[in-house]
Amino acid sequence: MEVTKVLPPGEEQDLDSKELAKLIRKAIYRTLADLKKLSLPQKTCTVYRPDESSLGCYDIKSPSYREDVIWLRINKIWRSEESITLTDYIWKRGALKLTLTGQNPDKDVWAFNTYHKLVREPLLVALESTTRERLVDYGAFEEWAVDEEKIEEAIRDAVNLYGKHRRFVTAFCPLSSLSLLPGTCLEIAPDIKLKRWTPRNLSVFLSRHSHEFLWDDFKAPYCIEAIAEVSFSFKARKKVQQNSVTSMVQDLLDLLKWVLFVSLNQERPVAEGTCLIKCELDVRMGRFRRDENIGPSDCSLDKQTVNRCTELLQDFRSAAKQVPDLNKSLWHFGRSCVATLPRDIQLESAI
Amino acid sequence: MPGRGDSRYRFCLHGAAILSTKPHNGEDVFNTLQEIYDKRSGAAHGSNASADEKIAIDSRRLLAKAIHTIVDLIQDKKLNFSQVNGKIAKAVERYVRFKVTSCSQ
């Protein structure tokens, strides 16, 4: 007979982020050491690499860290001393509760699930990310090689998500018509940045996400210089729907487009390309494409314009805090920017 | 437009009051807004399906400018939101009324 239980029992206590990070780190390195003996299956993947003039696209053999053989090995080695210490720490604090259904859902089943979230997934993300960067940089990889920095990044993500219960969302949206120098990062606000990636950064991004863009997409990151990076966070256990996340990203993009439109004094607003939404641990949250316009002719952003954008944005936010109705007007402006027909532009602009 | 009646006139008057940067270009803005209102009304009621591109672009530009001006007016505390339920259109109506009455005094 099946039973349903919520585990661990007892009242949930806060987890100490530093302690959690330390325990996850130990469990990850132990798992890595145990897995290293395993020979990895390989698969062919598409890798972008910068060459003299542009980017080259290559099919390269790459280790596949998500094959059955690795799952089977993990099933054998997961109960290490380090992992047990980690799961015991969380169990004692009644944290990371799970509703489990089965013949006998017990601590072991809960611990296995928790191990996957806090140890296995961050480790695999760090391994894949390291491999991708090495393939971009050298065209070759080293089995089980993982950069310490990637592990730390993955641990930070896991602690934010499972310890602090915060979900951090970042969206990447190419914007047409803006000229920026390679490596530029313009911070319009802490949560809104305009960047031009270096050829290496662009190669790493495309090696991971090129399938998100159509081959003839003239507003894909390989055709467009400026990428808007917008970010925000929300409470992880609050039920937030996919379309709410998309709307939040779109609102930030509308705000960015408004400040650029006013500051640059152009006839047309900058046009968006396909926007990709991601959250921590390299999770893809979604994608949208809502703008078929081309945008104005090339315009460059000097320091003065960027400062003007920053001021406008701060003023708008401060005013919208006092009068939330202002957000509706901005929403209509955003709609008018992505409208294609003059009729639709007009209907959105004059209400 | 809040309330009933004369919406075309009030759209143009309120728009011109907040969009005209210099006193002498108020009439030009008023005329442009009249044209925008008519085209918009035509588009909404299906009598003019192929809207004019220039007017559409002007509409968007003026919307962006109107947002900017309203932001400034809010920052300068020139818009009074008490008893208007946070509605910008109502606050702008009051602002125009105040401007007119203070001019005539």
Side-chain angles (χ1 to χ4, degrees), chain A residues 251 253-271 291 293-297 308-351, chain B residues 1-2 7-8 11-12 14-15 18-19 32-82 84-92:
Chain A
D251 290 347
L253 290 173
D254 288 346
L255 184 55
L256 173 63
K257 281 156 73 179
W258 176 72
V259 297
L260 287 170
F261 187 66
V262 173
S263 307
L264 291 165
N265 200 17
Q266 292 276 336
E267 204 172 65
R268 293 165 195 277
V270 291
D291 192 352
N293 294 303
I294 301 168
S297 51
R308 172 119 180 83
C309 288
T310 307
E311 277 170 25
L312 269 173
L313 200 139
Q314 282 169 354
D315 288 348
F316 179 89
R317 283 187 162 160
S318 152
K321 221 175 185 178
Q322 302 167 51
V323 185
D325 203 25
L326 205 51
N327 291 313
K328 272 194 210 162
S329 313
L330 187 73
W331 184 82
H332 282 291
F333 172 77
R335 296 272 302 166
S336 76
C337 291
V338 297
T340 332
L341 299 173
R343 178 182 174 276
D344 295 337
I345 296 172
Q346 195 163 9
L347 285 171
E348 295 296 351
S349 303
I351 303 295
Chain B
M1 277 295 104
S7 55
R8 180 175 183 265
F11 173 82
C12 302
H14 298 178
I18 59 164
L19 288 168
T32 309
L33 288 170
Q34 264 187 339
E35 206 177 345
I36 287 173
Y37 187 93
D38 293 341
K39 294 270 182 188
R40 202 260 176 212
S41 182
H45 298 106
S47 64
N48 183 11
S50 58
D52 184 339
E53 190 173 359
K54 191 189 165 295
I55 290 288
I57 287 171
D58 274 349
S59 309
R60 182 168 54 202
R61 188 176 50 78
L62 289 176
L63 169 63
K65 198 177 165 192
I67 297 173
H68 186 193
T69 312
I70 288 166
V71 166
D72 286 345
L73 290 172
I74 294 171
Q75 296 289 74
D76 297 342
K77 305 210 179 307
K78 286 186 178 162
L79 288 183
N80 182 0
F81 286 91
S82 63
V84 294
N85 223 358
K87 297 286 174 205
I88 292 173
K90 278 271 184 198
V92 169

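By convention in this document, chain letters (A, B, ...) are assigned in the order of the sequence lines, proteins followed by strands, and residues within each chain are numbered from 1.
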- Among Ala319(A), Ala320(A), Pro324(A), which residue forms the greatest number of heavy-atom pairs with chain B at distances under 4.5 Å? Ala319(A)
- Of the listed Asp325(A), Leu326(A), Ile345(A), the one with the largest count of heavy-atom pairs under 4.5 Å with chain B is Asp325(A)
- Contact summary for Ala56(B) and Pro342(A), nearest pair of heavy atoms: CB-O, 3.3 Å
- Task: State, to 0.1 Å, how close Trp258(A) and Ala64(B) come at their nearest heavy-atom pair, and which atoms those are.
- Result: NE1-O, 3.1 Å
Starting at [atom1] of [X], measure out to [atom2] of [Y] and round the result to the nearest 0.5 Å.
| X | Y | atom1 | atom2 | value |
| --- | --- | --- | --- | --- |
| Arg343(A) | Glu53(B) | CZ | CD | 15.0 Å |
| Leu63(B) | Arg335(A) | CG | CZ | 13.0 Å |
| Gln346(A) | Asp58(B) | CD | CG | 9.5 Å |
| Asp315(A) | Asp72(B) | CG | CG | 6.5 Å |
| Ser349(A) | Ile57(B) | OG | CD1 | 10.0 Å |

At a 4.5 Å cut-off on heavy atoms, which part of [X] comes close to chain B: side chain, backbone, both, or neither?
| X | result |
| --- | --- |
| Glu267(A) | both |
| Phe261(A) | side chain |
| Leu341(A) | neither |

- In this structure, are over 12 heavy atoms from other groups packed under 6.0 Å from Asp76(B) atom CG? yes
- Applying side-chain contact (heavy atoms from CB on, under 4.5 Å), run through Arg60(B) and Glu348(A) and close with a yes or a no. CA-CA 8 Å; Arg60(B) 182 168 54 202; Glu348(A) 295 296 351; over 6 Å; no
- Checking heavy atoms, do the side chain of Ile36(B), its backbone, both or neither come under 4.5 Å from chain A? both
- Message: Out of Lys65(B), Lys87(B), His68(B), Arg61(B), return the one with the most heavy atom pairs under 4.5 angstrom to chain A.
- Response: His68(B)
- Do Gln75(B) and Gln314(A) come within less than 4.5 Å of each other through their side chains, counting heavy atoms only? no
- Query: Hey, are the side chains of Ile70(B) and Ser329(A) touching, using non-hydrogen atoms and a 4.5 Å cut-off?
  - Reply: no
